Amino acid sequence: MKNVWFYGIMSSLVACVIACGVTIYKSLDYPVEVDGKYFRSYQAVDKNFDKISESERNFNAKFSFTPNFTSDVKLPRGKRAHRVGLGQAASVSFLTNATLVEIKALLTRPHTTKFDTPLKAEVVKFGDSNLTNEVVVDVGQLDQKGRWQVILQLKNSDGEEAFKKAELWAE
């Protein structure tokens, strides 16, 4: 009877070591080298966070930037997502009054960087005025069901930048 406790304690210690090893192995597939929201390495974001957030506040104070959903789905916590058909070509549009110089777009899954894909974005102007422009991001075809995100980095002519995100729901 005394030997049973020894084997129980030793097997629980071995199970903990195996669980730690599996956790480390899984984390190697999803490194935190690049901060997805800010399009920079996490060290650069940490070092320049005050400048980045001030630039974003200035951009948001001057310009409006809203997603233009045609069909949406409500997600938990009050979020909305653009509904996308699985295997169908999709695009996401945003309405803005900003004069944009540079736009970077990234398609990603919120829980992993494994499927990150850079996208092309273009500004469609309505008439001669800069009061309302439309930024169109061609997403392409989504081949997996679930939640996706389109993350944008926007720069205007003054050098101010902002980071915007739109949720997609593929089904």
Side-chain angles (χ1 to χ4, degrees), residues 23 26-46 48-126 130-156 160-171:
T23 302
K26 288 286 189 182
S27 69
L28 293 176
D29 289 338
Y30 308 108
V32 191
E33 297 158 354
V34 176
D35 186 297
K37 180 180 177 186
Y38 295 110
F39 291 86
R40 294 174 173 88
S41 68
Y42 70 92
Q43 293 98 341
V45 172
D46 190 39
N48 300 317
F49 186 75
D50 291 334
K51 291 178 185 176
I52 293 170
S53 60
E54 181 181 350
S55 176
E56 190 167 14
R57 270 194 309 274
N58 291 340
F59 186 96
N60 290 335
K62 291 180 184 177
F63 306 111
S64 68
F65 198 87
T66 56
N68 187 17
F69 292 131
T70 53
S71 64
D72 65 338
V73 124
K74 293 199 180 205
L75 296 178
R77 298 185 194 131
K79 293 185 179 180
R80 287 179 36 205
H82 181 68
R83 186 185 311 251
V84 176
L86 206 59
Q88 298 176 352
S91 65
V92 179
S93 65
F94 301 86
L95 297 176
T96 183
N97 61 349
T99 54
L100 301 171
V101 175
E102 183 182 348
I103 304 172
K104 290 183 185 175
L106 180 72
L107 177 68
T108 185
R109 304 280 312 235
H111 58 279
T112 181
T113 58
K114 191 174 187 178
F115 303 104
D116 285 5
T117 308
L119 301 173
K120 289 186 179 181
E122 63 179 342
V123 178
V124 178
K125 296 189 183 223
F126 295 125
N130 282 335
L131 297 177
T132 306
N133 298 324
E134 185 177 22
V135 175
V136 178
V137 181
D138 182 28
V139 176
Q141 295 181 353
L142 299 178
D143 58 351
Q144 292 184 355
K145 290 183 178 181
R147 190 171 156 212
W148 293 81
Q149 291 178 337
V150 175
I151 302 173
L152 299 174
Q153 177 187 21
L154 311 162
K155 287 187 182 180
N156 67 0
E160 297 165 335
E161 61 184 350
F163 304 91
K164 301 296 180 179
K165 175 175 60 172
E167 300 277 339
L168 302 176
W169 185 262
E171 50 184 24

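Keep in mind that what you see is a predicted model, and the values were worked out from it rather than measured. We count residues from 1, following the sequence as given.
Applying the salt bridge (Lys or Arg N to Asp or Glu O under 4.0 Å) test to every pair with at least one member in residues 54-66, sequence neighbours left out, gives these pairs: Lys62-Asp158, Lys62-Glu160.
The minimum heavy-atom distance between Val92 and Ala166, with the atom names listed, is CG1-CB, 4.2 Å. Considering every non-hydrogen atom in both Ile52 and Val45, the closest pair reads CD1-CA, 4.2 Å. Nearest heavy atoms, Leu119 versus Val139: CD2-O, 4.0 Å.
With sequence neighbours left out, the ring-ring contact (aromatic ring centres under 6.0 Å, His included) criterion links Phe49 to no other residue. For Lys104, the side-chain contact (heavy atoms from CB on, under 4.5 Å) partners two or more places apart in sequence, or in a different chain, are Phe39, Glu102, Gln153. By the side-chain contact (heavy atoms from CB on, under 4.5 Å) test, Ala121 pairs with Ile103, Ala105, Val135, Val137, sequence neighbours left out. The side chain to side chain donor-acceptor pair (under 3.5 Å) test applied to Asn60 returns Lys164, not counting sequence neighbours. Residues passing the side chain to side chain donor-acceptor pair (under 3.5 Å) test with Ser55, sequence neighbours excluded: none.
Within the model, atoms NZ of Lys165 and CG of Leu152 stand 11.5 Å from one another, a figure rounded to the nearest 0.5 Å. With values rounded to the nearest 0.5 angstrom, Leu106 atom CG is found 12.0 Å from Phe163 atom CZ. To the nearest 0.5 Å, the span separating CG on Asp116 from CD1 on Ile151 amounts to 7.5 Å.
Side-chain contact of Trp169 with Glu171: a donor-acceptor pair under 3.5 Å is present, judged by distance alone.
Put simply, the side chain of Ser64 never gets that close to the backbone of Thr96: no donor and acceptor are under 3.5 Å apart. Under the 3.5 Å distance criterion, the side-chain polar atoms of Arg147 are left unmatched by any main-chain donor or acceptor of Arg109.
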